[in-house]
Amino acid sequence: MLKIEHLDVWFGLPPDRVDAVKDAGFNVTAGESFGLVGESGSGKSTILRAIAGLVDSWTGRIEVDGQQLEGHRRDRDFYRSVQMVFQDPYASLHPRHSVDAVLSEALKLQGMDDIDGRIPQLLDDVGLGRGFRFRYPHQLSGGQRQRVAIARALAGQPRLLLLDEPTSALDVSVQAEILNLLTDLRAEHGLTYLMVSHDLAVIGHMCDRLAVMQHGRIVETMDVAALRRGAGRQDYTRHLIAASSGYRRD
Amino acid sequence: MSQTRRDWLLSDAPQTRRQARLGAIYQGWLTFRANKLAMFGLIILVILIFTAIFAPWIAPQNPFSQDLGGRLAPPSAEHFLGTDALGRDILSRLIHGARITLFIVGTVALIAPIIGLFIGTVAGFAGGWLDQVLMRITDIFLAFPKLILALAFVAALGASIGNAVLALALTAWPPYARLARAETLTIRNADYIAAARLQGAGPMRLLIRHIWPLCISSLIVRVALDMAGIILSAAGLGFLGLGAQPPMPEWGAMISDGRTYILDFWWVAAMPGLAIFIVSLSFNLLGDGLRDVLDPKGGKE
Amino acid sequence: MTDPLLSVRDLRVAFPTRQGVFEAVRGVSFDLGRERLGVVGESGSGKSMTGRAILGLVRPPGRVTADRMDLDGQPILNLPERKMRKIRGSRISMVMQDPKFSLNPVMSIGDQIIEAYRLHAGGGKDSGRQKALDMLNAVQIRDPERVMQAYPHEVSGGMGQRIMIAMMLAPDPEILIADEPTSALDVSVRTEVLNIMDRLVTDRGMGLIFISHDLNLVAQFCDRVLIMYAGRVVETLTAKNLHDARHPYTQGLLNSLPRLDAPTSRLPVLQRQDSWRDADTITESLETEFPGGL
């Protein structure tokens with residue numbers, strides 16, 4: 001479904017050039033849920049943005065569904081099959097657009113028909129009542145906003161969802177609801193996930209395999225069972241797992 | 001009944017598109033209404049518009065009819081605000097002058113921000129060389145004092161009210177372009193723009209449907225606050241004889257007429273001055289109130 | 001707890017809105033000794049507002065009322081701003097979530113710490129400088145001389161947060177209020193910052209109010225925990241017994257966290273009950289912790 005080889009992403013020009021991702025590579029098979037973990041600045045979100053075409057300064061190979069991508073231009077078919085959910089639901093919805101406007105624009109751009117019939121369907125899919133259709137973002141809680149953002153991503157019936165820390169701005173109880181929703185949607189629609197998070201427990205819950213990143217490089221790729229055992233092959237992985245397990249007074 | 005209609009408007013869960021839209025407008029109105037001074041400004045402006053529309057019926061006398069026998073008469077029961085050097089009733093001239101003032105202000109307020117919005121958002125959104133070119137042009141316009149530039153335009157185009165408006169509009173847009181560009185730069189990288197891009201939205205759609213609605217509100221506020229300046233510039237052009245031509249009752253030209261007699265017959269210049277002052281003030285108050293309602297940064301929480 | 005540093009009874013913070021008065025904090029009571037007190041809750045639970053109310057940082061039109069808010073037996077509720085400023089910083093300090101917004105970007109770090117110290121403790125430039133160096137050493141900054149010269153944008157998030165703590169601790173406050181001090185930090189840096197705060201509490205006998213949304217962290221770091229829901233304290237317990245919490249809200253929060261050691265296919269979802277809004281605080285022991293209070 002998704003194949004990445006020797007991916008380098010950078011920002012700025014020399015001498016201020018920052019190499020955000022260095023020689024990253026991994027594969028995600030169809031129907032799989034793959035996690036990227038790392039601390040801030042490790043380049044995990046940058047990989048998602050490069051795939052989505054939001055960054056154009058990259059080299060290497062990104063293949064989605066056998067189609068090789070170039071630069072930041074993406075065609076309509078790409079947008080229909082790949083969608084993204086952003087970290088901060090307070091920043092990812094246009095403050096002046098109602099839920100109805102957000103979803104109908106997405107449906108229209110994805111070339112869907114019967115927009116008036118599909119909006120309630122989308123709202124049902126993400127567990128929002130139809131009463132939410134005409135609300136504005138300021139009338140929604142964080143969790144409800146994230147559901148709208150997920151509904152928008154689902155509008156074109158994509159097959160690969162890029163999830164950029166979709167719950168890190170939410171309360172834990174709301175996080176549980178959104179994670180459950182994502183689990184259900186994946187089962188129902190046969191979606192493939194590429195999920196970024198700094199929270200190992202969230203990745204452990206949601207993913208089948210994961211890659212650990214540090215300073216722009218992929219330190220190691222492992223499956224979730226190994227993560228649960230705390231069995232990292234690299235020092236950094238073990239350090240990260242230990243630090244994530246909580247605070248221990250020394 | 002009125003209570004339930006209020007609840008319907010303030011509902012957090014509107015059932016139809018119309019209810020949502022009306023509710024948003026009503027919320028804005030409530031915020032605006034809470035600002036007493038802004039309400040005062042709005043009332044003055046409504047009166048001004050009303051006056052302009054019904055000028056021929058309200059004005060007690062013909063603003064052009066001269067009465068050289070009764071020239072420079074002080075305010076009295078016959079002429080509430082006195083008469084000018086040609087014996088014309090100042091009140092009637094002020095009332096008819098409201099039409100000209102509104103015409104100037106309305107046209108400038110329509111043209112300048114639209115030019116500014118277009119140039120500013122395109123520059124901010126496109127970036128690169130287009131941004132450079134558009135912003136340098138803006139800088140060139142900004143480098144000249146506004147009134148001097150307007151004078152040059154009018155001198156080139158010929159003195160008339162239409163050209164005065166055009167000149168004012170052409171000199172007023174650069175600040176709006178800068179404002180719109182600055183707003184666009186902050187919006188451009190927002191996640192919701194990235195999300196719209198991922199839906200396949202093209203640059204035109206992003207500009208018109210996503211960026212403009214957010215820039216427009218701060219522009220409206222800015223325009224309302226600048227309105228006083230526009231009135232004064234128009235009056236300035238009129239005062240210099242480059243705007244409205246006699247015998248048009250333009251307020252600035254009226255002050256200009258009265259300045260010869262300002263010490264002995266103060267009302268000839270003071271009355272139109274007072275009118276300009278009140279209208280400018282009310283636009284400023286209105287702008288303040290609109291900022292409460294529209295500015296996305298203030299008073300959202 | 002015979003001699004609390006801070007004693008709060010029936011604290012309320014209310015904001016007038018178009019739909020009537022909204023109470024962000026609805027009757028919070030607690031005593032703070034020389035301990036680490038965790039305040040946990042979700043967004044909107046009133047936990048941050050409680051911290052701000054103690055420091056007199058609630059902006060109008062918000063109104064703060066309480067039966068009692070005493071610092072060392074002295075009432076500090078709604079003091080005039082001038083008197084409150086003396087207390088703020090010198091006797092009670094606050095560390096915010098993101099150091100980026102709390103440090104002055106155009107002033108060197110050393111100058112900011114010196115200023116913070118001299119504002120409250122007075123003294124000359126040299127003693128202030130020495131104190132600043134001591135404080136930076138205390139928060140384990142390796143090259144304090146160099147960091148003193150640096151500007152906030154030149155340091156990392158973890159370093160910035162340690163500098164904030166150094167600055168807040170320079171005047172030797174009795175109480176430190178830390179509002180999500182580690183949420184913006186990476187896990188590996190988080191441990192260091194917590195260690196520093198921990199040592200300061202133990203060594204100086206300071207009282208710490210640790211406001212956080214992270215239950216596990218609070219359970220491991222604090223001595224005692226208040227669980228807040230909808231502006232009230234719904235449960236108080238000893239931190240190490242957090243996992244035996246009795247209130248369904250606390251239990252629900254704990255259960256909704258995904259765990260590496262206990263995989264499930266679905267996470268239990270918290271079902272909120274209206275009755276939690278006004279129910280009494282559940283305390284661990286049978287003897288009431290606040291006689292006559294609640």
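Chain identifiers are assigned alphabetically (A, B, ...) following the order of the sequence lines, protein sequences preceding nucleic acid strands; residue numbering begins at 1 within each chain.
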*Flag yes if more than 12 heavy atoms outside C/Arg26 fall under 6.0 Å of its CZ atom; otherwise flag no.*
yes
*For A/Ala176 and C/Pro268, which heavy atoms make the closest approach, and how far apart are they?*
CB-O, 4.0 Å
*Select one option (side chain, backbone, both, neither) describing which atoms of C/Leu194 are under 4.5 Å from chain A's heavy atoms.*
both
*Do C/Thr264 and A/His205 have side-chain heavy atoms sitting under 4.5 Å apart?*
yes
*How close do A/Val172 and C/Glu42 get, heavy atom to heavy atom, and via which atoms?*
N-OE2, 4.1 Å
*asked:* Can you list the residues of residues 247-256 of chain C that sit under 4.5 Å from chain A, counting heavy atoms only?
replied: C/Leu253, C/Ser256
*Apply side chain to side chain contact (heavy atoms under 4.5 Å, CB included) to the pair A/Glu177 and C/Leu270, showing each step before the final yes or no.*
CA-CA 9 Å; A/Glu177 293 169 16; C/Leu270 184 65; 5.7 Å; no
*Any pair with a residue in residues 22-31 of chain A that passes side chain to side chain donor-acceptor pair (under 3.5 Å), sequence neighbours left out, goes on the list, sorted by first then second residue, please.*
A/His6-A/Asp23, A/Thr29-A/Glu32
*Can you tell me how far CZ of C/Arg190 sits from OG of A/Ser244, rounded to the nearest 0.5 angstrom?*
7.0 Å
*If you draw a 6.0 Å radius around CZ in A/Arg159, do more than 12 non-hydrogen atoms from other residues or ligands fall strictly inside?*
no
*asked:* Does atom CZ (C/Arg34) have a neighbourhood of more than 12 heavy atoms from anything else shown, all under 6.0 Å?
replied: no
_Under 4.5 Å from a heavy atom of chain C, the part of A/Ser40 involved_ = both
*Should we count CG of C/Asp143 as having more than 12 external heavy atoms under 6.0 Å?*
yes
*Positions in residues 191-204 of chain A that reach chain C, provided some heavy atom is under 4.5 Å away*: A/Leu200, A/Ala201, A/Val202, A/Gly204
_Among the listed options A/Asp184, A/Leu227, A/Leu179, A/Leu170, the residue most often paired with chain C at heavy-atom distances under 4.5 Å_ = A/Asp184
*asked:* Test of understanding: with ring pair (Phe, Tyr, Trp, His ring centres under 6.0 Å), list the residues that count as partners of A/Phe34, not counting sequence neighbours.
replied: A/Phe26
*Heavy-atom check, side chain of C/Pro258 versus side chain of A/Met206, under 4.5 Å*: no
